[in-house]
Amino acid sequence: QVQLVESGGGLVQAGGSLRLSCAASGSIFRINAMAWYRQAPGKQRELVATITSGGSTNYADSVKGRFTISRDNAKNTVYLQMNNLKPEDTSAYYCNAELWPRDQAGFRTYWGQGTQVTVSS
């Protein structure tokens, strides 16, 4: 049972930092692109950051200079380092990844369960 498991969310004051982790578990042959999304109440889900298998990154304008996406291929894990957090960053954050389970014929898209980030003023 291949899945993405997120951790690291919580409550933090404005200006603080959090690091989210998302680990792919199960029998996995390959991992392609990985990404973080977020969705606040009453808002559409938005793409926050992406990272390719080669390490190339892209960010939403709202988080550039504050957030950093990275990956540790040996641990099958993607991270989102969030610095200088703002109340507007309050949201449920979701990990997304293209995984190739060993019992499948190719890549499939998986989502994490979501982890809540709340930034107080």
Residue list, side-chain hydrogen bond (donor to acceptor under 3.5 Å, both in side chains) with Gln104, at least two apart or on another chain: none
Please identify each residue that fulfils side-chain contact (heavy atoms from CB on, under 4.5 Å) with [X], with sequence neighbours left out.
X	answer
Gln3	Val5, Ser25
Asn84	Arg66
Asn73	Arg71

Here the gap from Glu98 atom CD to Asn32 atom CG, rounded to the nearest 0.5 Å, amounts to 4.5 Å
Value for OG1 (Thr77) from CG (Asp72), rounded to nearest 0.5 Å, stands at 6.5 Å
Test side-chain contact (heavy atoms from CB on, under 4.5 Å) on Gln116 and Leu11; report intermediate values, then the result. CA-CA 8 Å; Gln116 179 66 35; Leu11 175 64; over 6 Å; no
Determine whether a donor-acceptor pair (N or O, by modelled atom type, separation under 3.5 Å) exists between the side chain of Thr115 and the backbone of Gly9. yes
Give the other cluster members for Val119, using side-chain heavy-atom distances under 4.5 Å between Ile, Leu, Val, Met, Phe, Trp and Tyr residues; answer none if it is isolated.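 Same cluster as Val119: Val2, Leu4, Val12, Leu18, Leu20, Ile28, Ile31, Met34, Trp36, Val48, Ile51, Tyr59, Val63, Phe67, Ile69, Val78, Leu80, Met82, Leu85, Tyr93, Leu99, Tyr110, Val117.
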Locate the shortest heavy-atom distance separating Ser121 from Ala14; write the atom from each residue and the value.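 Shortest heavy-atom contact: CA-CB, 4.5 Å.
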Which pair of non-hydrogen atoms, one from Gly114 and one from Glu6, has the smallest distance, and what is that distance?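 It is N-OE2, 3.3 Å.
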Pair listing, disulfide (SG to SG under 2.5 Å) test, anchored in residues 25-74, at least two apart: none
Pair listing, disulfide (SG to SG under 2.5 Å) test, anchored in residues 80-121, at least two apart: Cys22-Cys95
For Trp100, all residues meeting ring pair (Phe, Tyr, Trp, His ring centres under 6.0 Å), sequence neighbours excluded: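 Counting only residues at least two positions away or on another chain, Trp100 forms a ring pair (Phe, Tyr, Trp, His ring centres under 6.0 Å) with Phe29, Phe107.
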Among all residues two or more places apart in sequence or in another chain, which pass the salt bridge (charged side-chain N to carboxylate O under 4.0 Å, His left out) test with [X]?
X	answer
Glu46	Arg38
Arg45	none
Asp61	Lys64

Side chain to side chain donor-acceptor pair (under 3.5 Å) contacts in which one or both residues fall within residues 13-23, not counting sequence neighbours: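 Qualifying pairs: Ser17-Asn83.
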